[in-house]
Structures are given as structure tokens and as C-alpha cells.
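First listed ligand is number 1; within each ligand, the first listed atom is number 1.
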Amino acid sequence: MVKFSELNISETTLKSVKRMGFEEATPIQEGTIRLGMEGKDIIGQAQTGTGKTTAFGIPLIEKIDTKDGNVQGLIIAPTRELAIQVSEELYRLGQDKNVRILSVYGGQEISRQIRALKNRPQIIVGTPGRLLDHINRRTLKLDNVNTLILDEADEMLNMGFIEDIQTIMASVPDTRQTLLFSATMPDAIRRIAEKFMKTPEIVKIKSKEMTVENIEQFYVKSVEREKFDILSRLLNVQQPELAIIFGRTKRRVDELAKALNIRGYLAEGIHGDLSQAKRMSVLKQFKAGKIDILVATDVAARGLDISGVSHVYNFDIPQDPESYVHRIGRTGRAGKKGVAVTFVTPREMGYLGIVERTTKKKMEALVPPTADEAVLGQKRVAMEQLQEMTEKNNLGDYREFAAKMLENFDAVDLVAAAIKTMTKEPEDVPVSISEERPLPSRGGGGYKGKGGSGRSGGGGGYKGNRSSSARPSSSRGASSGASRRREGGSGGGRPGRTTRRSES
Ligand SMILES: Nc1ncnc2c1ncn2[C@@H]1O[C@H](COP(=O)(O)OP(=O)(O)OP(=O)(O)O)[C@@H](O)[C@H]1O
Ligand SMILES: [Mg+2]
């Protein structure tokens, strides 16, 4: 590992990098920062959560001439949330140099953006549609752009933005440097990308697997109608700090979020049909730990970097392996541990094989916890909450009420009643989730032998060892999140949550 101080970065930028808490460069940063500062075109590919933003951010910030008020750097990102996140990271990287950065995206008042553009930002981060809009209105001048960056290029091309992107690129001088980054780079996309670039250096961080090692990957074989009960049991047993649940469609996301709320979880959905204000407020609440579970479609979560996401659940197996890689990559970031669980219906087992062959990583079969195990998980959480609240020692007049009750009741009975009150048997509350049609059968073609049929026994038990992460475990501490119910811990404020928030 190379230290940032050994990469020929200016003192000013180095100061910002230090302030961000970064000491050593990740492999993709080591591989691209120097080349980037030499002005080379780069295609950068490295696993999720390995610091690609800073990998392109440092060369960009270094190149900005702060005496020049023109737009010099342009970054295109597939979603509004990502544009905001990237601009925030660039802001931190350029803080000591005083680089002016602006993000522009759809759903935000254009007049406000036009005013902000007059403040002479040097770097613009935007989504394709809104960038084009500004180019057409001539409110964004790109004649002086000398660095163009595409973050999540493959996603933008998948989303059908190819023409928009070509138009935007044509508005940027040919002499520019072009950088392109993603965790996945299917060959077809790379060929298109190379057309836009001048003999690009391809920096691909070699790794055995496409996904990072610190994510434990499981699959659960389940028929469609049992998925939701299994999901709620898993949440109770695994006790994620923050969880993201992916659904295949917007309707699915809405239904899941609603059902989770009915069962008492703090969950919110996020997808493209929601207003920008709503999307931003949901994300903000999730980052702050005010909601524990984010239910999302694929697109909504590309590139998002939210610390504390300990679990990713694919309620529906994704259509393509790239999307699997990006989804589960929302956990296990920056060296942290994560758990990913993918639900597969029997008819979709072929897809599991396709995903595994692309990621070069086998998922472990997970036996869904029984209802009893799930309740046990909740009892533990309740006990931990009670214990934590007691240790805090600020129960005030609650103690007087307790003393009064103890005159008439047995202490063990009272504590048992408290635990019972905080434990809800989730399956008592009926919810309705429309059945999703399974993905078209892929078992028949070339995939059958390995991926499909080899799994037929998977429903029975854990393959090999039972994984501790799938079981209730007292070592996970009282700061667990998603399994805590709205009803639980009422009164003196949720004790577990306070702890958790101060951790992150
Ligand atoms: N050198 C470093 N040392 C420690 N942490 C870092 C370093 N570089 C980046 N990080 C942190 O790692 C996290 C992930 O970085 P980033 O979002 O850039 O990943 P990514 O490679 O773009 O992932 P994705 O493929 O999902 O978009 C961020 O929180 C970032 O602040
Ligand atoms: Mg990224």
C-alpha cells in the first residue's frame, strides 16, 4: 500500500485528503492517480466501495486552475443522488484549494441552478438529462472543460443515455482528458467507451472475485409467497445495523416498504417515481439512522456510499450479474464487513448460476430461520434494550411506577411481561405483497448443468457450517437496528439507537 504522501500530490490537496481521514491509497487510487495527473485517458475498474471517487477526484482537483472561473471539469453520473454524493466528495478533496463545485440534476428548480452556474463553478457534476438541458439553454458553457469523467459509465449506457452522453461529449473540446470508472465494465460497453477516448490506459484491479471478500454472500431458496415472512425473520435474527432491500420494480418497492412498516420496521422506499425532495429526505433519514431499512430499485442505489449498511437483501434476484455486483456492493465498503442475502425462487435457480459464474464467487445456501428462532432473536434485542436502558440510569420517575408495581407483582413476572411487550410475533400481522412474475426461465439453455440442477438439495440445510452471521448472536451488541420495533423502547427514547448513531 502506498501512502497518499508518496503520490506527488500537492501539499494543499494532501491536507484535504488527510482531513478526510485517508492515509493509504487503495489499489485503484494507487493505479490511477499518477496516470491521471499525467493527463492520460483512463478506464478504471475496481470492486465496489474501493474508493473510485477519490481515484478520479484527486487528479481532477489537482488540475483545476483556481484563478480561472470557467468550468474546467465535468462529471456525468447516472442518478441525482450519486451526482450529489460525488460533488460532496469532490468538495472535501478541493476544500483547501477552494475549488468551486456545483451539482446539477433533474427535479431541482432549473432557475436556481442557472443562478448557481453564474457563481463560476469550476467543476460541474450532473446527470445526463439536466446537463443537456443546460447545454441547450446555453446556461452551461463547456468550451474550457479539460477533464471529462463518467462515473458508472456502464449504467448510463444501459439506461439508454448513450445519445445524450455523445451530445454532451461533443460539447466538450476534443483536447480533453477523459476518465471512465465503474465496478463493472462489460466488454460491449468498454468498446463503446474506447471510441470516446484517446488510447486509454486500462487500470483494472485484479482480484479473484468481482465482489469484495468482506461481503458474506448467501442465497435463500424460497417460493414467492413465503419470501416476505422469511425476510422478516431474517431481519429479526440478523439484526442489521442498516439494511437495504432491493425489489425488482417500483410497485414492488412500494409494497415492501408498506408491508415492513405494518410489521413495525422503520422502512422507506426509494425509486425514480418519487419526487426529488422525497428521495433526498428518505436518504437523509436513512443516513442519520432515523430509518433502518431502505427499500430500493437498482437504479436508485448505484454508487451510493452509506456507512453503516451492514446487510443487503435481494428480495428478487437481479436480472443481470452486474446489477447484483452493484447491489451487494452497498455493504462491505471501505474494508468493512457486510452480509448479502439473495432470494431465489425455484424457477430462478438458473440465474443464481449465472450470477455466480460472473462474480466467480459461490453463494452459501442459507436456511431460513424458523419463526421460533426469529422470536428468540427479538427477545434478545428486547433484553439488550432493557439492559442498556437500565445501565444508563436515567429512568427518573419511571422508577416510582416500577416500585409501585413491585408491591403487587413478582419481579420476574414483571420483567418477563416487559420483554413480551417488546416482542412481536411478526407473522401475526398479515401483509399483502403482489406476486412477482419469475424471471424468464434460464435453466433450459447452457446453464442447466452447473448452476441450475446442482442446487436442488439446497433447500435443506446450511451447506457446510452454519454461519454465525445468520444466527442470533449476542456479540452483535445492543446497537442493532432493523429488528427493533417502533413499539419497542417507547418512553425514554430508544436506548439502542443513541448508541448506534454515535458510532457512525
Ligand atoms: N484511501 C482511502 N482510505 C480509506 N477510506 C477511503 C479511501 N478512499 C475512499 N475511502 C472511502 O471508501 C468509501 C467508498 O468509496 P467510493 O464511494 O469512492 O467507492 P467506489 O469504488 O466508487 O464504489 P462503487 O463501485 O460502489 O461506486 C467512501 O466512504 C470513501 O470515503
Ligand atoms: Mg463510485
Side-chain angles (χ1 to χ4, degrees), residues 1-7 9 13-14 16-34 36 42-61 75-79 81-95 125 127 149-156 179-186 189 203-205 207 209-212 214-215 242 244 246 283 287 296 298-310 312 321-338 340 359 504:
M1 284 264 187
V2 167
K3 290 211 159 66
F4 280 106
S5 53
E6 296 163 57
L7 285 173
I9 301 167
T13 303
L14 207 52
S16 303
V17 170
K18 286 233 168 83
R19 185 176 308 120
M20 291 164 80
F22 304 167
E23 284 283 332
E24 286 174 339
T26 63
I28 186 73
Q29 292 165 351
E30 185 183 337
T32 56
I33 288 175
R34 240 190 288 260
I42 300 173
I43 293 180
Q45 187 183 351
Q47 296 159 316
T48 53
T50 56
K52 291 187 285 294
T53 319
T54 292
F56 63 69
I58 290 182
L60 173 62
I61 293 292
I75 300 176
I76 317 177
T79 65
E81 286 75 16
L82 191 59
I84 295 168
Q85 180 184 297
V86 168
S87 69
E88 285 171 350
E89 180 126 335
L90 290 174
Y91 172 79
R92 288 193 289 271
L93 286 169
Q95 202 174 5
V125 189
T127 49
I149 298 170
L150 280 82
D151 194 14
E152 310 286 356
D154 56 336
E155 175 73 354
M156 292 195 285
L179 309 177
L180 205 128
F181 279 75
S182 180
T184 50
M185 201 68 72
I189 304 281
V203 181
K204 184 175 173 177
I205 300 309
S207 54
E209 295 144 14
M210 215 165 159
T211 47
V212 285
N214 16 324
I215 308 174
L242 294 180
I244 302 182
F246 286 99
L283 263 190
K287 283 183 192 167
D298 274 314
V299 178
R302 259 275 178 150
L304 284 191
D305 182 61
I306 299 166
S307 70
V309 176
S310 57
V312 168
E322 282 79 24
S323 124
Y324 175 83
V325 170
H326 288 280
R327 283 181 179 191
I328 74 160
R330 296 320 98 206
T331 186
R333 300 178 73 75
K336 292 212 187 104
K337 289 216 173 304
T359 59
S504 52

Test applied, side-chain contact (heavy atoms from CB on, under 4.5 Å); reference residue, I75; option that passes from L179, T53, V125:
V125

Under the side-chain contact (heavy atoms from CB on, under 4.5 Å) rule, what do D298 and H326 come out as? Steps first, then yes or no, please.
CA-CA 8 Å; D298 274 314; H326 288 280; over 6 Å; no

Report the C-alpha separation of R333 and D305 in whole Å, then their side-chain angles, then the decisive distance to 0.1 Å, and conclude whether the salt bridge (Lys or Arg N to Asp or Glu O under 4.0 Å) test is met.
CA-CA 8 Å; R333 300 178 73 75; D305 182 61; 2.6 Å; yes

List every atom of ligand 1 that sits less than 4.0 Å from any heavy atom of T53, numbering the atoms from 1 in the order shown and giving each element.
16 (P), 17 (O), 18 (O), 22 (O)

Under 3.5 Å, N or O to N or O, is A25 touching ligand 1 that way?
no

Apply the test side-chain contact (heavy atoms from CB on, under 4.5 Å) to residues F56 and T32: give CA-CA distance (whole Å), side-chain angles for both, the deciding distance (0.1 Å), then the verdict.
CA-CA 7 Å; F56 63 69; T32 56; over 6 Å; no

Ligand-side contact atoms (ligand 1) for residue partner T50, heavy atom cut-off under 4.0 Å
19 (O), 20 (P), 21 (O)

For the atom pair CE (M1) and CD (Q29), what is the distance rounded to the nearest 0.5 Å?
9.0 Å

Rounded to the nearest 0.5 angstrom, the CD-CG distance for E81 and L304 is 6.5 Å

Region of F181 that comes within reach of ligand 1 [heavy atoms, distance under 4.0 Å]:
neither

When you look for heavy atoms under 4.0 Å from ligand 1, do you find them on the side chain of H326, its backbone, both, or neither?
neither

Nearest-0.5 Å distance, CZ of residue F4 to OG1 of residue T54:
6.0 Å

The atoms of ligand 1 lying under 4.0 Å from a heavy atom of E24, numbered in the order shown, are 1 (N), 2 (C), 3 (N)

How far is atom 23 (O) of ligand 1 from its nearest protein heavy atom, and which residue and atom is that?
G49 N, 2.8 Å

Among all protein heavy atoms, pick out the one at the shortest distance from atom 21 (O) of ligand 1; state its residue, atom name and that distance to 0.1 Å.
K52 NZ, 2.8 Å

the protein heavy atom lying closest to atom 4 (C) of ligand 1 turns out to be F22 CD2, 3.6 Å

Within ligand 1, which atoms have a heavy atom of A183 less than 4.0 Å away?
25 (O)

Which distance, rounded to the nearest 0.5 Å, do you find between the NZ of K336 and the CD1 of I215?
13.0 Å

If we only count heavy atoms from C-beta on, is the R330 to T48 side-chain gap below 4.5 Å?
yes

Looking at ligand 1, does any of its N/O atoms fall within less than 3.5 Å of an N/O of Q85?
no

Taken to the nearest 0.5 Å, the spacing of M185 CE from E152 CD works out to 9.0 Å

Return yes when R330 approaches ligand 1 closer than 4.0 angstrom through a heavy atom, no otherwise.
yes

Proximal ligand 1 atoms for R333, defined as those under 4.0 Å from one of its heavy atoms:
14 (C), 16 (P), 17 (O), 19 (O), 20 (P), 23 (O), 24 (P), 26 (O)

Can you list the ligand 1 atoms lying under 4.0 Å from a non-hydrogen atom of E152?
27 (O)

Nearest-neighbour protein heavy atom for atom 14 (C) of ligand 1, which is reported as residue plus atom name and distance
D305 OD1, 3.3 Å

Atoms in ligand 1 flagged as close to F4, the criterion being non-hydrogen separation under 4.0 Å:
1 (N)

Identity and separation of the nearest protein heavy atom to atom 8 (N) of ligand 1
Q29 NE2, 2.8 Å

Check this for me: does any side-chain nitrogen of one of R302 and D154 sit under 4.0 Å from a carboxylate oxygen of the other?
yes

I244 side, atom CD1; I328 side, atom CD1 - distance, nearest 0.5 Å:
12.0 Å

Report yes if T54 has an N/O atom closer than 3.5 Å to an N/O atom of ligand 1; otherwise report no.
no

Identity of the nearest option to atom 15 (O) of ligand 1, non-hydrogen atoms only, from G51, A334, S307
G51

